[in-house]
There are 2 protein chains.
Amino acid sequence: MTQKNSKRGSEVKSETDCQPTRPAPRDRIVSTACDLFRQHGIRGIGVDAIAEAAETNKMTLYRHFGSKDDLICETLRFTSQKAAAFWEELEIAHPGNAMAQLHGWVKARAQCLTDEPYGCDLANAAVELKEQGHPAHVVIENFKTAQHQRLVVLCGQAGVGQSELLADTLSMLLEGARVSRLASGTDGPSAHFVRACEATIASFGNAR
Amino acid sequence: MTQKNSKRGSEVKSETDCQPTRPAPRDRIVSTACDLFRQHGIRGIGVDAIAEAAETNKMTLYRHFGSKDDLICETLRFTSQKAAAFWEELEIAHPGNAMAQLHGWVKARAQCLTDEPYGCDLANAAVELKEQGHPAHVVIENFKTAQHQRLVVLCGQAGVGQSELLADTLSMLLEGARVSRLASGTDGPSAHFVRACEATIASFGNAR
DNA sequence: CGCAATAGTTACCGACCGGTCACACCTATG
DNA sequence: CATAGGTGTGACCGGTCGGTAACTATTGCG
């Protein structure tokens with residue numbers, strides 16, 4: 001609005017190689033939509049506001065995404081992909097040591113529990129999008145299944161008894177901690193997520 | 001719409017004492033709003049649709065509730081009160097036997113996990129209502145705190161070690177199971193909610 | 001250069017949103 | 001019978017929603 005013809009505050013031209021050449025409109029829209037969906041909820045923000053925040057316009061948004069639902073799915077896929085990278089970092093941090101990776105998982109999840117107080121984007125979307133048959137649901141379920149499967153494998157490698165039940169339990173603890181932080185606040189049950197996980201892992205380890 | 005002047009399909013008059021005299025408009029609105037919020041989400045249904053489904057009109061709705069936000073709070077309080085009654089049934093079912101009540105809690109929660117696939121209304125509202133300062137948040141937090149406190153007391157009476165940590169763990173497991181059922185489907189981690197709870201309770205009981 | 005693809009702008013559409021108004025209606029009670 | 005309070009009706013308000021049309025400006029590339 002205030003800048004009219006110049007693309008940024010800079011000199012309009014000759015930003016050929018120094019600056020990282022700001023992302024293409026499509027990418028700006030996706031990442032901006034991620035943030036705004038997170039802050040205001042999927043139903044709580046309009047495409048117009050998303051386009052403006054992404055420093056573009058609604059027409060461009062609709063040329064890349066046929067509908068708001070398409071954009072929703074794309075943002076969820078985007079978030080999924082970022083989350084998938086986490087598992088490789090875990091393997092790098094504790095190579096070949098599954099039990100250490102499991103404890104690393106707990107620690108990392110506890111970290112994002114405090115760093116990202118808005119909960120899991122995918123889970124929140126599942127809560128918010130009630131219309132069954134919405135294309136986002138398959139994205140959400142695929143993501144959740146994949147995340148859980150990685151945890152199942154990890155628990156199996158850690159050599160504990162009933163590894164699948166442990167993975168189920170940890171999955172529920174994490175999911176519960178994230179939504180519990182929204183509903184009950186910081187001092188609710190989620191405050192003891194780490195202790196709960198560690199106690200659970202220990203009990204499974206001893207059980208065998 | 002189709003019935004115009006007659007209040008119901010009946011003979012317009014003389015329902016003085018036989019029929020249970022259908023609830024007053026205010027009560028119809030609250031319970032109808034509960035259902036519709038659950039089905040479509042709080043943001044997904046309009047006051048007009050709620051009034052119509054409650055067989056009344058928007059004006060009457062606004063005469064009882066000053067705003068949609070007021071109605072939201074009232075429905076959440078309504079749900080809270082119904083949920084509070086559950087604890088008394090639990091005491092009646094297993095009088096004086098805290099451990100039996102704890103297992104009864106698990107069983108009952110597992111039951112509503114399958115009976116009510118839409119998750120916890122209060123938790124869902126917390127996810128959906130991002131605007132901080134929304135009056136619903138205190139209703140939600142009060143409810144969650146009260147529910148959790150009852151569980152803490154119960155775990156304490158059951159005589160397990162670290163009863164508060166057990167209550168935190170069970171709270172997170174339940175919350176996680178309910179949202180996990182939405183995000184991951186019936187076959188996700190929530191399928192083993194009972195086993196996870198029982199294993200957890202057992203490990204806490206043995207730990208001491 | 002010249003062309004084509006992409007991006008930006010403005011205006012517009014019909015639908016629906018939460019909320020209000022004035023007025024007619026019904027029914028219970030005095 | 002009369003009055004009053006709760007209820008029903010329909011129109012209306014400004015605003016926003018998701019989505020589209022037509023046109024212009026910019027850009028990258030042969």
Side-chain angles (χ1 to χ4, degrees), chain A residues 1-8 10 12-17 21-30 32-33 36-37 40-74 128-129 131 134-136, chain B residues 1-8 10-17 21-29 32-33 36-37 40-74 128-129 131 134-136:
Chain A
M1 282 298 178
T2 64
Q3 53 196 30
K4 279 298 197 184
N5 253 341
S6 67
K7 286 242 156 155
R8 291 221 308 260
S10 67
V12 174
K13 289 203 173 188
S14 75
E15 57 168 350
T16 47
D17 56 346
T21 67
R22 78 163 177 182
R26 188 181 200 282
D27 299 328
R28 275 180 287 152
I29 291 171
V30 171
T32 303
L36 294 183
F37 285 155
H40 304 98
I42 292 177
R43 298 198 128 113
I45 194 78
V47 289
D48 237 331
I50 294 172
E52 185 176 350
E55 296 181 77
T56 176
N57 53 79
K58 191 161 59 167
M59 204 56 243
T60 297
L61 187 153
Y62 272 100
R63 275 191 280 248
H64 284 288
F65 312 94
S67 67
K68 187 183 184 181
D69 285 341
D70 281 9
L71 177 58
I72 292 168
C73 291
E74 199 54 40
E128 209 168 349
L129 303 173
E131 321 114 17
H134 192 293
Chain B
M1 282 300 176
T2 63
Q3 53 197 30
K4 278 296 197 186
N5 253 343
S6 67
K7 288 240 158 159
R8 291 221 307 259
S10 68
E11 227 62 46
V12 174
K13 290 204 176 189
S14 76
E15 55 168 350
T16 47
D17 55 347
T21 66
R22 78 162 176 184
R26 187 179 200 282
D27 299 329
R28 274 179 287 150
I29 291 171
T32 304
L36 293 183
F37 285 155
H40 303 97
I42 292 177
R43 298 198 128 113
I45 195 78
V47 287
D48 236 332
I50 294 172
E52 186 176 350
E55 296 180 78
T56 176
N57 53 79
K58 191 161 57 166
M59 203 57 243
T60 297
L61 188 152
Y62 273 100
R63 276 191 279 248
H64 285 287
F65 312 95
S67 67
K68 187 182 183 182
D69 286 341
D70 281 8
L71 177 58
I72 293 168
C73 291
E74 200 54 40
E128 208 168 348
L129 302 174
E131 321 115 17
H134 192 292

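Chain letters run A, B, ... following the sequence lines, proteins first, then strands; residues in each count from 1. All heavy atoms count here, side chains included; hydrogens, waters and symmetry mates do not.
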State the [atom1]-[atom2] distance between [X] and [Y], to the nearest 0.5 angstrom.
X: Lys58(B); Y: Arg63(B); atom1: NZ; atom2: CZ; answer: 13.0 Å
X: Phe65(A); Y: Asp70(A); atom1: CZ; atom2: CG; answer: 8.5 Å
X: Glu128(A); Y: Ile42(A); atom1: CD; atom2: CD1; answer: 5.0 Å
X: Ile45(A); Y: Lys68(A); atom1: CD1; atom2: NZ; answer: 8.0 Å

From [atom1] of [X] over to [atom2] of [N], roughly how many Å is that when rounded to an integer?
X: Asp27(A); N: dA7(C); atom1: CG; atom2: C1'; result: 14 Å
X: Arg22(A); N: dT6(C); atom1: CZ; atom2: P; result: 18 Å
X: Leu61(B); N: dT9(D); atom1: CG; atom2: P; result: 14 Å
X: Ile29(B); N: dG6(D); atom1: CD1; atom2: P; result: 14 Å
X: Phe65(B); N: dT7(D); atom1: CZ; atom2: C1'; result: 15 Å
X: Ile50(B); N: dG19(C); atom1: CD1; atom2: P; result: 11 Å

Check whether any side-chain heavy atom of [X] lies under 4.5 Å from a side-chain heavy atom of [Y], and answer yes or no.
X: Leu129(A); Y: Ile72(A); answer: yes
X: Arg26(A); Y: Ile29(A); answer: no
X: Ile50(B); Y: Phe37(B); answer: yes

For the side chain of Glu74(A) and the backbone of Val30(A), is there at least one donor-acceptor N/O pair under 3.5 Å apart?
->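 No; zero donor-acceptor contacts below 3.5 Å.
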
Under 3.5 Å, which N/O atoms of the protein pair with N/O atoms of nucleotides 18-21 of chain D?
unit_1, atom_1, unit_2, atom_2, d
dG18(D), OP1, Lys68(A), NZ, 2.5
dG18(D), OP2, Val47(A), N, 2.9
dG19(D), OP2, Tyr62(A), OH, 2.8
dG19(D), OP2, Lys68(A), N, 2.7
dG19(D), O5', Tyr62(A), OH, 3.4
dG19(D), N7, Lys58(A), NZ, 2.8
dG19(D), O6, Lys58(A), NZ, 2.2

Of the nucleotides dG8(D), dG8(C), dA7(C), which one has an atom closest to the side chain of Asn57(A)?
->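 Selected nucleotide: dG8(C).
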
At under 4.0 Å, does any side-chain N or O of Thr60(A) touch on OP1 or OP2 of dG8(C)?
->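 Affirmative; the distance criterion is met.
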
Would one find a side-chain N or O of His64(B) under 4.0 angstrom from OP1 or OP2 of dT7(D)?
-> yes

Of the non-hydrogen atoms in Asn57(B) and Thr60(B), which two are nearest, and what is the gap between them?
->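 The answer is OD1-N, 3.0 Å.
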
Every protein N/O within reach of nucleotides 13-16 of chain C N/O, cut-off under 3.5 Å:
none

Under 3.5 Å, is there an N or O donor on one side and an acceptor on the other linking the side chain of Arg63(B) and the base of dG5(D)?
->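 By the distance-only test, no, there is no pair.
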
